Protein chains: 2
Amino acid sequence: MGTRWGINRTVAQIHALLFIFPRPLNAEEIAETLSIARSNVSNSLRELQGWHIVKLVHVMGDKRDHFESLKDVWEMFRIVLDERKQREIDPTVAMLEECIREAAAGKGTDNYTEERLRELHSFFDKTTTWYAQVAKLPASALMKLMNLGDKMLKLLGAGG
Amino acid sequence: MGTRWGINRTVAQIHALLFIFPRPLNAEEIAETLSIARSNVSNSLRELQGWHIVKLVHVMGDKRDHFESLKDVWEMFRIVLDERKQREIDPTVAMLEECIREAAAGKGTDNYTEERLRELHSFFDKTTTWYAQVAKLPASALMKLMNLGDKMLKLLGAGG
DNA sequence: CTATCTATTCAGTATAGACAGAAATGGATG
DNA sequence: CATCCATTTCTGTCTATACTGAATAGATAG
């Protein structure tokens, strides 16, 4: 699945290994377990740390670096969404706004195209704003939201 | 942005072109506008049709095939999510269930690992179930949900 | 039936990115 | 200050896949 979402195989493998493993592992152990080059492990670990879902930890009496994955799936999901929003959505929205500005200035763009751009922008805007609201809900509220099920329609029809 | 989400450049370009263009285009026009090979257009169009976000239409007095994009951004988003769920999430969940079964049968997997797998599975399960509920909401209800904002917390605290 | 126009398939090429192994760096310890 | 070990950086190779251009298939009109 990872590959289809722009995550390379090695990175995904290492993360999976750290996620399911009960204790932190050092680079050597990872390389050996997955049969991949030491340097590859090093780079992949840096990437995972860049995503803030793997952390470096020290094990007493061992000077080598050890690594462990975040274990809370929900938290991990939230962190990755935040990160991707920042890296991918935000620049996209900025570019959309630039396009719309240019289009509005009338540089050969017809109204139809401009309208499409506005709708796209509005979609991103609404979605990210909503997400920002949800992301700051406490875990308990999030669980309630997830468990609403059919009650959702009633609730939205009445109160919202 | 497309590239980072596992969509290749040409496919994304063609879809963008069809999305912003006021009328259906034929393959020739697309190839020329984007300076890509005719065959590449043909394959990319097939892929886009596979995602159900681009449709073949006929233009009177012209025997060539013309193509147009779905224009409703929300609807497109929903369709793509559905499709990706089916292609990527569902098989992943099936594999997770298989792993859990094997782990439970005690094939050398420790309890810790099994517990991680269960949590991961539960996450997918909750998320997809919730999504299925939301996806069938009428557009108006969806908009209400998106516009809840700070009211969300109150609503969940009380009614949920 | 043949000519012409469109769309698809196929086979080879090009390219981007993953990966390995060697070299270099860093930093601790005696 | 030299040595040793862990880690990172660098460079070349390999692989997967995007892409092209030519060949093929299919349809329609004359």
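What you see is a predicted model; the values in this text were computed from it and never measured. Just so we're on the same page: letters track the sequence lines, and every chain starts at 1.
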Expected list for residues 27-40 of chain B: side-chain donor-acceptor pairs under 3.5 angstrom, two or more places apart:
from, atom 1, to, atom 2, distance (Å)
B/E29, OE1, B/N26, N, 2.9
B/E29, OE1, B/N26, ND2, 3.4
B/E29, OE2, B/R23, NH2, 3.2
B/T33, OG1, B/E29, O, 2.6

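Partners of A/W74 by ring pair (Phe, Tyr, Trp, His ring centres under 6.0 Å), not counting sequence neighbours, listed by chain and number: B/F123. Every residue meeting the side chain to side chain contact (heavy atoms under 4.5 Å, CB included) condition with B/N111, not counting sequence neighbours, appears here in chain and number order: B/E114. Partners of B/W5 by ring pair (Phe, Tyr, Trp, His ring centres under 6.0 Å), not counting sequence neighbours, listed by chain and number: A/W5. Scored by the side chain to side chain donor-acceptor pair (under 3.5 Å) test, B/K126 finds no partners at all (sequence neighbours excluded). Partners of A/L81 under the side chain to side chain contact (heavy atoms under 4.5 Å, CB included) rule, at least two apart in sequence or in another chain, are A/F77, A/Y131. By the side chain to side chain contact (heavy atoms under 4.5 Å, CB included) test, B/R46 is found to be paired with B/N43, residues two or more places apart in sequence or in another chain being considered. Looking at residues two or more places apart in sequence or on another chain, you find a side chain to side chain contact (heavy atoms under 4.5 Å, CB included) between B/R87 and B/W51, B/E83.
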Listed pairs, N/O of protein and of nucleotides 6-8 of chain C, under 3.5 Å:
from, atom 1, to, atom 2, distance (Å)
C/dA7, OP1, B/D65, N, 2.6
C/dA7, OP2, B/R38, NH2, 2.8
C/dT8, OP2, B/S42, OG, 2.9

Could you list, one pair per line, each protein nitrogen or oxygen that sits under 3.5 Å from a nitrogen or oxygen of nucleotides 13-18 of chain C, together with the distance?
none

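Sequence neighbours left out, the pairs with a member in residues 93-102 of chain B that pass side-chain hydrogen bond (donor to acceptor under 3.5 Å, both in side chains) are B/E97-B/H121, B/E98-B/R101.
Put simply, chain A comes within 4.0 Å of DNA chain D, heavy atom to any atom, from D/dA6 to D/dT9, going 5' to 3'.
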